[in-house]
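The next block holds one structure in the form of structure tokens; read it before the comments.
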Amino acid sequence: FERQMQQAALQLYAEHLRVIPHVAETVAALSLPKCVASSGTPEKIRHGLTCAGIYELLAPHIFSAVQVKRGKPAPDIFLFAAERMKTSPSSCIVIEDSVAGVTGARAAGMTVLGFHGGSHCTPTHAARLKAAGARETFDDMRQLPALIARNQGQIAGFSAS
């Protein structure tokens, strides 16, 4: 029964998932090391990234909160990802769309750019991400390379969530 429920949830997720415009070409164009550090289960992460057409662009550097003791807003998943990517937390930039994620990444000592262009984001989402500690916010993935370039002096790695 549990497996059937998981399959049904993944099916609903796939049916209602809206791909963020320009995400695939933006991720593909980034030459920095990149990974995913997500609160989702490995199955949900893989499913979502596959539906969005970016799984192959990020694999095998995909990390789930099930791999750490505490999930977001704790910094554990971000510290785990930095360790696995062989980089210091202070040299990472996190692209985050949740307050819990911004909080966790900041607690890990990472720079955060807050994305508020997802279908789940409300008109106040950017302000909430900024209040949680996002250095800058943006709503169009085409803005990401310029944001990274602007912050490049402090950033040596890239982490997406």
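Residue pairs meeting the salt bridge (charged side-chain N to carboxylate O under 4.0 Å, His left out) criterion with at least one member in residues 105-119: none, sequence neighbours excluded. Within the structure, every pair that satisfies the salt bridge (charged side-chain N to carboxylate O under 4.0 Å, His left out) test and touches residues 73-93, not counting sequence neighbours, is listed here: R70-D76.
Hydrophobic clustering of Ile, Leu, Val, Met, Phe, Trp and Tyr side chains at less than 4.5 Å, counting indirect connections, keeps I95 apart from L79.
Listed by chain and number, the residues in a side chain to side chain contact (heavy atoms under 4.5 Å, CB included) with H61 are C35, F63, M85 (sequence neighbours excluded). Take S64 and apply the side-chain hydrogen bond (donor to acceptor under 3.5 Å, both in side chains) test, not counting sequence neighbours, and it matches no residue. Residues meeting the side chain to side chain contact (heavy atoms under 4.5 Å, CB included) test with T137, sequence neighbours left out: H116, A126, L129, K130, A134. H125 pairs by the ring pair (Phe, Tyr, Trp, His ring centres under 6.0 Å) definition with H120, not counting sequence neighbours. For D139, there are no salt bridge (Lys or Arg N to Asp or Glu O under 4.0 Å) partners two or more places apart in sequence or in a different chain. Residues passing the side chain to side chain contact (heavy atoms under 4.5 Å, CB included) test with A131: none are found, sequence neighbours excluded. Every residue two or more places apart in sequence or in another chain that forms a side-chain hydrogen bond (donor to acceptor under 3.5 Å, both in side chains) with S88 is listed here: S90, S91. Residues passing the salt bridge (Lys or Arg N to Asp or Glu O under 4.0 Å) test with E136 are R150, sequence neighbours excluded. Taking the side chain to side chain contact (heavy atoms under 4.5 Å, CB included) definition, one finds that I62 meets it with V36, I45, L49, Y55, L58, A59, sequence neighbours left out. Among residues two or more places apart in sequence or in another chain, the side-chain hydrogen bond (donor to acceptor under 3.5 Å, both in side chains) test is passed with T122 by T124.
Residues K44 and P42 form no side-chain contact, since every pair of their non-hydrogen atoms from C-beta on lies 4.5 Å or further apart. In this structure the side chain of I77 reaches within 4.5 angstrom of the side chain of K72, judged on heavy atoms.
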